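Here the structure is a predicted model, which is why all the values come from computation and not from measurement. Every chain is numbered from 1, with letters handed out A, B, ... down the list of sequences.
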Number of protein chains: 2
Amino acid sequence: MSELLTTNRKEQLLEVAAKLFKQRGYAATSMRDLAADLGIEAASLYHHIKSKEEILETICFDLASKFSNVIAEVNDIYFNAEEKLRTAIKNHVQIITQNTNQSTVFLHEWRNLSEPKLSEFMKLRDAYEKGIRVILKDGMNEDVFDDVDEKFASLTILSTVNWINEWYKPNGKMSTEEIAQKLSDFILGGLRKKMVTDINYKP
Amino acid sequence: MSELLTTNRKEQLLEVAAKLFKQRGYAATSMRDLAADLGIEAASLYHHIKSKEEILETICFDLASKFSNVIAEVNDIYFNAEEKLRTAIKNHVQIITQNTNQSTVFLHEWRNLSEPKLSEFMKLRDAYEKGIRVILKDGMNEDVFDDVDEKFASLTILSTVNWINEWYKPNGKMSTEEIAQKLSDFILGGLRKKMVTDINYKP
DNA sequence: GACATAACCTAACATGTGTTAGGCAAAATT
DNA sequence: AATTTTGCCTAACACATGTTAGGTTATGTC
């Protein structure tokens, strides 16, 4: 049982840390703050982790690997480009809404990593963005998407799906699926009113 | 001349502070870091400012007032809704690209404000978002925009224009106007290919 | 019942933090 | 020329920081 308890306690520690890092920021959260929230002394934290930065690393890289997994999966299983993009967006939204605290850390606090972890992390981010770009390229090849600057478009899409983290509250009225669909519609359809004579229209 | 020099020195201080706050974050930037970058001692900073937080306040509220001004201006001078939105986006992009360091602080580091300045700041942000929402409402009334959830759409638009700050470099190859136009096209037009039978199309 | 281990504790460390007090030299003002 | 103001300095403060050392207690295993 000891093994299990350790794991649980450490997971709890990481959870609380993510919560505080989101609330106050990494640098502004002290080990004493963290310990107090867990009901223990600051020194006791070091039975579970090696350093403060190790906590940040764990949170950032855990989420990075989740993102890596889903983008690989989407690009592996073949759909048409639009379905691919919709699935990627749905997965992305799911990760963010199911890991609200960790997402904030992943999106904002990673800057506090120091080398070499910092570079390693940025590489993972870039790889994910490239995954999105592949979908866009596919879509343009298949003539389903308009011709756009890939880099520009991928960044804009990421901005849109990442911004959820800024306002999403777990008990809000919109479900993950609803959010994902609205975002997909927005990204794919735009805002301007048009006669729907969409070439690849599906009901 | 003394008056002028004071102002210049203080502006220089605020500029350097914004740069460091962007690079390392507010909490991770010490007064000694800031002083060193200016070539003076930490204690000397207090001849120009009252406290560290006052610096953060000044940066955040200065930029907030710039945003307030331009949104009021756009909603004051009447265009049709699409032109309004395009102008608002252009203004927004301009503020961000012309104040890169301050923008990062405005977008991310404001969390470090303490009450009552924190609430005051959030009110200003909300007011700006409402300004965007007014444009959307106009557009739907004029039947130029599709019917959308205003809150959702305004947040999505803001996410897109704010994300510029994440990748924009002052010496990049895209001009402010280009960025603004591409973003406007993306937001208004979407990604999916369609026969352009836009009801309100203008060349 | 002896032993191992996990989970915590107290105490302390070296260093970094924002800030204040008081002074001094150069520049601006009178 | 005398005086004020500006812009900086040194020294120090009180406190917060991440982390280490070493000890204690409860829990589970043999």
| From C:dG18, D:dC8, D:dA21, nucleotide with atom closest to B:Y46 side chain | C:dG18
| field | Heavy atoms of other groups near B:Q94 CD, more than 12 under 6.0 Å | value | yes
| Euclidean distance, atom CD of residue A:E41 to atom P of D:dT19 [Å, nearest integer] | 17 Å
| note | Separation of C:dT20 atom C1' from B:M31 atom CE, nearest Å, is 12 Å
| field | Residue from B:L183, B:I157, B:V161 passing side-chain contact (heavy atoms from CB on, under 4.5 Å) with B:H92 | value | B:V161
| said: Please report the distance, rounded to the nearest Å, between CG in B:L45 and C1' in C:dT20. | reply: 14 Å
| query | So what is the end-to-end bend of the helix from C:dG1-D:dC30 to C:dT30-D:dA1, with 5 pairs used at each end and the value given to 10 degrees? | reply | 10°
| Rounded to whole angstroms, how far apart are CD on B:Q12 and P on D:dT6? | 18 Å
| task | Select one nucleotide: of D:dG18, C:dA11, C:dC8, the one nearest the side-chain heavy atoms of A:K52. | result | D:dG18
| Looking at the side chain of A:S51, which of D:dC8, C:dT10, D:dT19 is the nearest nucleotide? | D:dT19
| message | It should be established whether B:R32 places a side-chain nitrogen or oxygen under 4.0 Å from OP1 or OP2 of nucleotide C:dT19. | response | no
| message | Rounded to whole Å, please give me the gap between CG in B:L38 and P in D:dC8. | response | 9 Å
| Using 4.0 Å as the upper bound for N to carboxylate O, is an ion pair formed by A:R86 and A:E82? | yes
| Within a radius of less than 6.0 Å around NZ of A:K66, do more than 12 heavy atoms belonging to other residues, nucleotides or ligands occur? | no
| Between P of C:dA21 and NE2 of B:H47, the distance in whole Å | 12 Å
| query | Expressed in angstrom and rounded to an integer, what is the separation of B:H48 atom NE2 from D:dG7 atom C1'? | reply | 6 Å
| remark: Partner of A:S103 under side-chain contact (heavy atoms from CB on, under 4.5 Å), picked from A:L63, A:I164, A:I59, A:N162, is A:L63
| Does a sphere of radius 6.0 Å around NZ in B:K84 hold more than 12 heavy atoms from other residues, nucleotides or ligands, not counting ones at 6.0 Å or beyond? | yes
| query | D:dT17 phosphate, OP1 or OP2: any side-chain N/O from A:S30 under 4.0 angstrom? | reply | yes
| field | Atom-to-atom span, OH of B:Y26 to P of C:dT17 - whole angstrom | value | 13 Å
| Is the cationic atom of B:R125 (NZ for Lys, CZ for Arg) positioned less than 6.0 Å from the six-membered ring centroid of B:F106 and within 45 degrees of its normal? | yes
